Amino acid sequence: MECDFLIIGSGIAGLSFAIRVARLGSVVIITKKNEVDTATNLAQGGIAAVLSGNDATINHIQDTLASGAGLCNEDVVALVVENGPERVRDLIALGVDFVKDTQDSSGLNLGQEGGHSRRRVAHAHDFTGKEIERALLEKVKQNPRIQILENHRAIDLLMVADEQSENGDPTRCAGAYVLSDERTVEVYKAKVTTLCTGGTGKVYLYTSNPDIATGDGLAMAFRAGAVMANMEFVQFHPTCLYHPKAKNFLISEAVRGEGAILVDQHGRSFMEKYDSRKELATRDTVARAIDQEMKESGADCVFLDITHKDKEFVKKRFPTIYGRCLEYGVDITNERIPVVPAAHYMCGGVQTDTWGRTSLDGLLALGETACTGLHGGNRLASNSLLEAVVFAERAAHYCAENWETLSQMVFPPIEPWKAGEAKLLNEEILIHHNWDLIRRIMWNYVGIVRTVKRLQLAKRHMEGIFQEIEQHYKDYFVTPNMIELRNIALVSLLIIQSALTRKESRGLHYLVDYPEALAAFAHDTQFMKKKGGQLGEIELC
Ligand code: SIN
């Protein structure tokens, strides 16, 4: 397979980029399950932008910086916020049906979320991501230059040497090895490869993320030698539904934005003890407060109470949440919703510049996979869909401006995939056991509140598991489960190593041994794979 643009992932970042670059050349999007199995599709809250006359660019910039705990790149924040309104208008032009409000100068009904000083979240009730995904997919399917391949998984990036490579090292990405829907490994060559594989939530036992969120793009980029950043900053969403049958159902922050109150098992509110903004404090604060309350009381969950609001308003504003909770026997208009924090968003990732370029030639990264500098130590709610569309446009602009050079790339001969002595793995238990082990280690030792001792223990455990998985990977034919397991093992190890390097508490990274933010750590944690080191070992940049 040869194409101009290979896009790995079919969420908002990948689809937006595909639509914009299709005028330049052929586009292949591969997605490892169905086209809608993306984090975008589950996004409830919306997309933050300065759209109302009551708001101003500086407010959104200040809110983003305050949430980011001193680690945001100020130029990137300004760039994203300034471009936000235009990108939202692009989505509307593409057919995204945000909820309207003629009373507001924006013409839109704008939601409120934690850390925002104004109402600025454009939404489609509580299914904003689904509505955006629908509109983008519709557009993609109308374009004959874009092909979407479902059930195709990238295994590793295809790296080649070019004239700029030192010592003939492979520093240029020329596509990927892909496990097809027929379980054959194929070579996909591309002039530009773009990682849009979403986040890493499945590394943790409890997560709001879809099953696809196994950090594939991050793992592939690291193995290929890319510079990574800030992977210790894992955002835990404060309120996921606590119910044995609800695997990963989010109760949007917009529910708190509309006045819901967090209470303990006795119905007592507690957020006033932690932050004057109470329920609308930033996510790091709210998630830690809930964690503290649960640890002190020994309760399995806390509760979100919106019963004081008009029932019809609640049903209309949150139809998905109302319907899903009702399926689990909770009528949110009459009863409190049991909630717990869960892993939600990776603020770090593959480091990019302001055009979405990674440190490797021919490789771009967009959306949650990328670390652009926008989120710093704690992402502001609803800034992620915004980042995805702003950077998709920037990356497409870069490709258009440089297409004359990029399009001239000549593919060197590429080795086909070698299965070697690999056998068929007929013991899936080897996969499931390790998968479960990793997710428990990460939840118990690398969660919302960390200690150096627990991180060190996690590292030791994970190194052993990681070696075992790498051996399975060599011994057996690749399968979808094997690819994901290998990636979550690596990503876990990267999160732990990053966390161990930051000996302070800042934003989402709270280390009991070092409870204060320290000036010496007011910088990103940039790293890459260690030259001559063990597989998975990092070297700070
Ligand atoms: C939510 O609806 O609470 C999620 C929004 C986000 O993660 O930005």
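Both counts, for ligands and for their atoms, begin at 1 and track the order of listing. The shown structure was predicted, so the numbers you read here are calculated from the model rather than taken from an experiment.
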Taking only distance into account, with no hydrogens and no angle test, what donor-acceptor pairs under 3.5 Å do side-chain atoms of residues 75-88 form with protein atoms, sequence neighbours excluded?
| unit_1 | atom_1 | unit_2 | atom_2 | d |
| --- | --- | --- | --- | --- |
| Asn83 | ND2 | Leu79 | O | 2.7 |
| Arg87 | NE | Asp90 | OD2 | 2.8 |
| Arg87 | NH2 | Asp90 | OD2 | 3.0 |

Ring-ring centroid check His375 Tyr345, cutoff 6.0 Å: yes
For the residue pair Trp443 and Tyr206, categorise the inter-ring angle as parallel (less than 30°), tilted (30 to 60°) or perpendicular (more than 60°). perpendicular
Between Ser117 and Asp63, is there a side-chain donor-acceptor contact under 3.5 Å, judged purely by atom types and distance? yes
Taking atom CD as the centre, does Glu74 end up with more than 12 heavy-atom neighbours from other residues, nucleotides or ligands that are less than 6.0 angstrom away? no
Who's touching ligand 1 if we go heavy atoms under 4.0 Å? Gln44, Gly45, His237, Leu250, Ser252, Glu253, Arg283, His344, Arg379, Ala381, Ser382
Looking at Lys32 and Glu484, is there a salt bridge between them, counting it only when a charged N and a carboxylate O are closer than 4.0 Å? yes
